[in-house]
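So the structure is just underneath, and the comments pick up after that.
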Amino acid sequence: QVQLVESGGGLVQAGGSLRLSCAASGRTFSSHAMGWFRQAPGKEREFVATISWSGSNTYYADSVLGRFTISRDDDKNTVYLQMNSLKPEDTAVYYCAAKYGSMWFSVSADYWGQGTQVTVSS
């Protein structure tokens with residue numbers, strides 16, 4: 001069992017930065033690939049970024065490539081999403097997710113966090 005708690009969301013101006021954190025409980029954190037997803041009002045949840053269980057591989061949605069960076073610290077059981085050059089279209093609830101084994105891109109997971117709101121003003 002893995003429980004996920006996100007933090008770090010908030011209101012930021014366009015061009016600014018935020019770092020999201022996702023603290024995981026459970027002894028099997030290091031066996032899970034981790035991902036970030038987001039859901040804007042009136043839209044479906046979408047993939048943002050994923051990182052392998054080893055931390056050696058990452059993959060990003062085209063819309064955030066070059067602006068967002070996903071990382072993990074297994075000593076702290078935490079995964080991060082550094083978001084730079086934020087745009088109003090990045091406004092959404094951001095969800096942390098965990099999936100046993102390999103990285104993934106579909107909107108499904110073994111575990112989900114409760115979400116944290118990110119609002120980017122123009």
Give the minimum heavy-atom separation between [X] and [Y], together with the two atoms involved.
X	Y	value
A40	A92	N-CB, 3.8 Å
A98	A109	O-CB, 3.6 Å
P88	S122	CG-CB, 3.8 Å

How long is the gap from [atom1] on [X] to [atom2] on [Y], to the nearest 0.5 Å?
X	Y	atom1	atom2	result
L4	S25	CG	OG	7.5 Å
L81	S71	CG	OG	8.5 Å
S108	F47	OG	CZ	11.5 Å
L65	Y60	CG	OH	8.5 Å

Check your understanding: Side chains of Y80 and R19: do they bring a donor and an acceptor to under 3.5 Å?
Key ->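 Side chains of Y80 and R19: no pair found under 3.5 Å.
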
Distance-only, no hydrogens or angles: does the [X] side chain make a donor-acceptor pair with backbone N or O of [Y] under 3.5 Å?
X	Y	result
T78	D73	no
E6	G115	yes
T50	G35	no
D110	Y100	yes
Y94	Q39	no

Point to revise | W53 six-ring face occupied by R72 cation (under 6.0 Å, within 45°) | key: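 Here R72 fails the 6.0 Å and 45° test against W53.
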
Practice item. Answer yes or no on whether R38 is positioned over the face of Y95, meaning its NZ or CZ is under 6.0 Å from the six-membered ring centre and within 45° of the axis. Key: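 Relative to the ring axis of Y95, which defines the angle, R38 lies outside at least one limit.
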
Exercise for review: Check whether more than 12 heavy atoms from other residues, nucleotides or ligands sit under 6.0 Å from atom CD of Q3, and answer yes or no.
Suggested key: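 Counting neighbours around CD of Q3, 12 or fewer heavy atoms of other residues, nucleotides or ligands fall under 6.0 Å, so no.
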
Practice item. Could I get the full list of side-chain hydrogen bond (donor to acceptor under 3.5 Å, both in side chains) partners for T119, not counting sequence neighbours? Key: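 side-chain hydrogen bond (donor to acceptor under 3.5 Å, both in side chains) check on T119 returns Q117.
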
Sub-4.5 Å side-chain heavy-atom contact between [X] and [Y]:
X	Y	value
I70	V79	yes
M34	M103	no
M83	S17	no
T116	S7	no
V2	H32	yes
I51	W36	no
T91	V118	no
L86	F68	yes

Practice item. Fit a plane to each ring of F105 and Y59, take the angle between them on a 0 to 90° scale, and name the class: parallel (under 30°), tilted (30 to 60°) or perpendicular (over 60°). Key: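 Ring orientation of F105 relative to Y59: tilted.
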
**Study point:** CA sep, side-chain torsions, deciding dist, call: R45, W112, side chain to side chain contact (heavy atoms under 4.5 Å, CB included)
**Key:** CA-CA 12 Å; R45 192 172 299 189; W112 291 95; 3.3 Å; yes

Practice item. Please check if L20 and V12 belong to a single hydrophobic cluster, counting links between Ile, Leu, Val, Met, Phe, Trp and Tyr side chain heavy atoms closer than 4.5 Å. Key: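 Same cluster.
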
